[in-house]
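These notes are about the structure you will find just below.
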2 protein chains.
Amino acid sequence: MRYRSRGRVKISTIEDIAKLAGVSKATVSRVINHHPYVRSELRERVQAIIDEKNYVPVAVAKDLRRLQTNLIGVVVPNLHHPFFGKLIQEISNILKEDCYDVVILQSNYAPEREREFIHYVRTKKLDGLIFTTLSLSIEEVECVSTSGMIVICNEHVETELISTVQFDEERAGYLGTKHLLEKGYTRIAFCYDTLKSKAQRKRYKGYKKALCEHHLSLQQEWIFRNCYGLKDGKRMIQMMQSMKNAPDAMFTGSDEIAAGMIMEAQRMGICIPKDFGVIGFDNQELSVMMSPSITTVSTSIASMAKHSIILLHKQSQGEGVQRIQLPISVIERESTRREEGHVSYRPLTVS
Amino acid sequence: MRYRSRGRVKISTIEDIAKLAGVSKATVSRVINHHPYVRSELRERVQAIIDEKNYVPVAVAKDLRRLQTNLIGVVVPNLHHPFFGKLIQEISNILKEDCYDVVILQSNYAPEREREFIHYVRTKKLDGLIFTTLSLSIEEVECVSTSGMIVICNEHVETELISTVQFDEERAGYLGTKHLLEKGYTRIAFCYDTLKSKAQRKRYKGYKKALCEHHLSLQQEWIFRNCYGLKDGKRMIQMMQSMKNAPDAMFTGSDEIAAGMIMEAQRMGICIPKDFGVIGFDNQELSVMMSPSITTVSTSIASMAKHSIILLHKQSQGEGVQRIQLPISVIERESTRREEGHVSYRPLTVS
DNA sequence: GTGAAAGCGCTAACAG
DNA sequence: CTGTTAGCGCTTTCAC
């Protein structure tokens with residue numbers, strides 16, 4: 001079904017204005033677009049009529065003429081996680097400077113949705129696309145690389161044809177884990193949602209690397225999967241109660257999970273950070289609002305936005321693809337600030 | 001600055017296909033649009049060429065021809081609050097059925113941004129607009145009501161020219177407060193962000209009505225303002241500690257605030273719901289994840305989305321404006337489930 | 001400086 | 001069933 005516009009109100013066109021002003025369409029066009037070389041007397045006369053008639057140019061006509069819509073799509077899985085909201089915010093702000101508007105496209109991780117989005121650039125409804133999530137195979141994305149600007153950010157994929165911007169997830173895993181170790185925790189657990197994601201795998205690799213550097217061996221029972229939010233944090237704290245060989249800290253990969261752990265620990269009388277250390281991810285507002293506040297791995301969303309757009313831009317000028325890896329850092333807060341006296345560093349005894 | 005598309009790759013047009021297939025543009029157009037009355041032999045031949053050449057029609061050309069973009073803008077203040085994310089989700093899903101796409105427009109409560117959005121419908125870049133927030137004066141919105149479909153939802157405004165959908169906020173305030181009273185709390189506090197919002201004023205009115213019905217007088221010191229999130233909830237619990245005449249329950253108007261109160265109460269050894277009752281708003285995920293889980297005033301976002309679109313639709317057919325008020329309900333959970341024995345109903349003694 | 005004219009790619013009457 | 005034709009409203013050479 002399609003909605004029809006009501007009673008086809010005759011809109012006023014550039015030609016109407018031209019006639020009223022006694023000039024050509026070209027002149028009116030020049031006035032609209034602030035083109036120089038229009039006698040100021042004429043300019044004023046035309047402008048007066050435009051104002052009087054409340055005329056505004058029809059955007060699609062211009063778009064067709066230029067085969068360009070000044071619209072960039074940003075593909076996100078959904079808007080539940082604040083990360084995507086912030087990223088969109090940053091991207092929108094920068095793009096607005098360049099006279100572009102952004103169209104937010106929610107995929108819900110559905111490849112067929114993403115295929116539709118790609119179709120929009122093929123039909124030139126969108127000038128370009130920034131993927132912040134990707135469920136589609138990279139090949140399907142690559143084949144539209146000629147009909148519009150495309151950048152993949154946040155998602156880790158291998159490609160020679162598309163520019164990418166990503167966080168250094170391995171280093172994130174490494175630094176986060178190392179922070180915990182340096183704070184005196186020695187029995188470090190790790191959790192993730194799914195290892196299907198390459199980013200998660202890299203993070204996991206960093207975790208293992210830090211462990212290795214400290215001569216600690218990996219405990220499979222300390223690796224938790226399918227962890228997304230608050231309730232998973234709570235669940236894990238509970239599970240740990242019944243473990244004979246329980247960890248004393250966790251790299252969570254999410255501030256929500258860390259918050260869940262803190263809330264449940266509090267209820268159960270477990271003291272964070274004394275009895276258990278926890279580090280989050282993303283430096284969300286939540287991480288400073290909890291008490292104890294959450295030590296977290298911080299990524300720069302602004303910088304991801306900025307670089308994505310730089311790459312979009314370069315691509316549109318045929319400057320070829322490029323891959324950028326963004327640094328991350330650890331922000332120390334209370335959830336890992338174990339009292340000095342309590343530091344007990346000893347190698348792990350495998351049970 | 002504007003990005004230029006790279007090296008102007010010659011795109012294939014409907015005319016190219018027509019020539020290759022040895023038919024007219026009209027026939028190709030019919031094939032593309034699944035128009036009946038095309039001999040199937042022809043249809044197949046044309047389709048084969050389309051597939052072979054990987055041809056896709058340019059959307060803007062069609063848009064210009066029809067003076068319609070099949071794009072609806074949805075104006076939200078930001079994406080921080082899950083309410084807007086969900087509303088957008090619902091709206092998008094319904095609109096997709098109607099072959100419309102939604103463009104999310106973030107205003108950050110800035111009237112000038114909203115003015116730009118309105119301009120998009122004047123320039124016909126957007127076929128319509130759904131405001132879920134409104135900082136602009138209603139007059140400025142009214143004057144574009146002829147150049148596109150416009151609906152205002154969630155925001156409470158007086159207008160004869162624009163269709164509106166809103167929740168029954170007064171009833172929300174009333175039912176929420178009444179629930180608390182029926183659970184045996186008698187010293188009910190209230191908080192809001194700002195009374196500049198008409199919705200908030202209505203909610204406040206409902207609160208007062210419930211109090212009045214129970215012959216309780218309003219205590220000014222129990223009315224808290226500038227409350228938005230977790231930290232405000234915490235702050236209020238702390239403040240109440242030092243009040244000589246402290247309330248025993250609160251209508252918060254937000255699940256986050258309620259969550260903040262619960263978290264802080266737990267830290268301070270105050271038992272919710274025994275010592276203090278709290279009711280949230282919006283029925284967010286958060287409200288079931290907290291312990292105690294949060295009793296909340298629930299609105300139907302899906303129904304708001306549905307009605308907004310129905311009204312958009314009606315408007316496009318010139319069926320005139322309409323105003324819809326959506327019902328709300330209270331979902332009882334643990335945060336107000338005071339033990340039966342504890343019910344002590346007594347009129348308030350004004351200090 | 002200004003105007004005339006040629007499209008941008010597609011759709012939709014209207015003939016045939 | 002299929003083709004012809006006339007635009008949708010705007011920009012942009014190219015003359016003058």
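Hydrogens, waters and symmetry mates play no part in the numbers below; they use all other heavy atoms, side chains included. Protein chains get the first letters and strands the later ones, always in sequence-line order, with residue 1 at the start of each.
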* Structure fact -> note: I14(A), atom CD1; dT12(D), atom P; distance rounded to Å ~ 11 Å
* Side chain of I11(B): nearest nucleotide among dT2(D), dC14(D), dG9(C)? -> dG9(C)
* To do: Among the candidates dG9(D), dG3(C), dG1(C), find the nucleotide nearest to the side-chain atoms of R39(A).
  => dG1(C)
* Check the distance between dG3(C)'s P and K19(A)'s NZ and give it to me in whole angstrom. => 15 Å
* Looking only at side-chain N and O atoms, does R66(A) come under 4.0 Å of OP1 or OP2 in dC10(D)? -> no
* **G22(B) or A61(B), whichever maps to the more 5' nucleotide of DNA chain D** => G22(B)
* Tell me what V60(A) touches on the nucleic acid: a base, only sugar-phosphate, or nothing, going by heavy atoms under 4.0 Å. => nothing
* Asked: What nucleic acid atoms does I32(A) come within less than 4.0 Å of, heavy atoms only: base, sugar-phosphate, or nothing?
  -> nothing
* dT11(C), dA4(C), dG9(C): which one has an atom nearest the side-chain heavy atoms of R65(B)? -> dT11(C)
* To do: State whether E169(B) and K198(B) are salt-bridged, where the test is any N-O pair (Lys NZ or Arg NE/NH1/NH2 against Asp/Glu carboxylate O) under 4.0 Å.
  => no
* To do: Quick one: closest heavy-atom pair of G148(B) and Q315(B), and the distance?
  => O-OE1, 3.7 Å
* Structure fact -> The nucleotide from dT2(C), dC14(C), dT11(D) with an atom nearest the side chain of R30(B) is dC14(C)
* What is the distance, rounded to the nearest whole Å, between atom NZ of K124(A) and atom C1' of dG9(C)? -> 12 Å
* Separation of E15(B) atom CD from dT5(D) atom C1', in whole Å? -> 13 Å
* To do: Compute whether any side-chain donor of one residue and acceptor of the other, for E142(A) and T159(A), lie under 3.5 angstrom apart.
  => yes
* Asked: Do D101(A) and K125(B) meet the salt-bridge criterion of a basic N to acidic O distance under 4.0 Å?
  -> no
* State which of dA6(D), dC10(D), dG9(C) makes the closest approach to the side chain of K25(A). => dC10(D)
* Looking at T27(B), does any N or O in its side chain come under 4.0 Å of the phosphate oxygens OP1/OP2 on dT2(D)? -> no
* Nucleotide dT11(D), atom P - distance to NE2 of H34(A) in whole Å -> 12 Å
* Would you say Y55(B) reaches dC10(C)'s phosphate, i.e. side-chain N/O to OP1/OP2 under 4.0 Å? -> yes
* So, Q68(B) versus N70(B): side-chain donor-acceptor pair below 3.5 Å or not? -> yes
* To do: Output yes when at least one side-chain N/O atom of T13(A) is less than 4.0 Å from OP1 or OP2 of dG9(D), else no.
  => no
* Nearest-Å distance, NE2 (H35(B)) to P (dA13(C))? -> 11 Å
* Report the distance from atom CG of D63(B) to atom P of dC10(C), rounded to the nearest whole Å. => 12 Å
* **Candidate nucleotides dT12(D), dT2(C), dG3(D), ranked by approach to the side chain of S29(A) - the nearest** => dT12(D)
* **Out of dC8(D), dT2(C), dT11(C), whichever nucleotide has its closest atom nearest the side chain of K62(B)** => dT11(C)
* Structure fact -> In whole angstroms, the gap separating C1' of dG3(C) from CZ of R43(A) amounts to 16 Å
* Less than 4.5 Å apart, any side-chain heavy atom of I150(A) and any of S145(A)? -> no
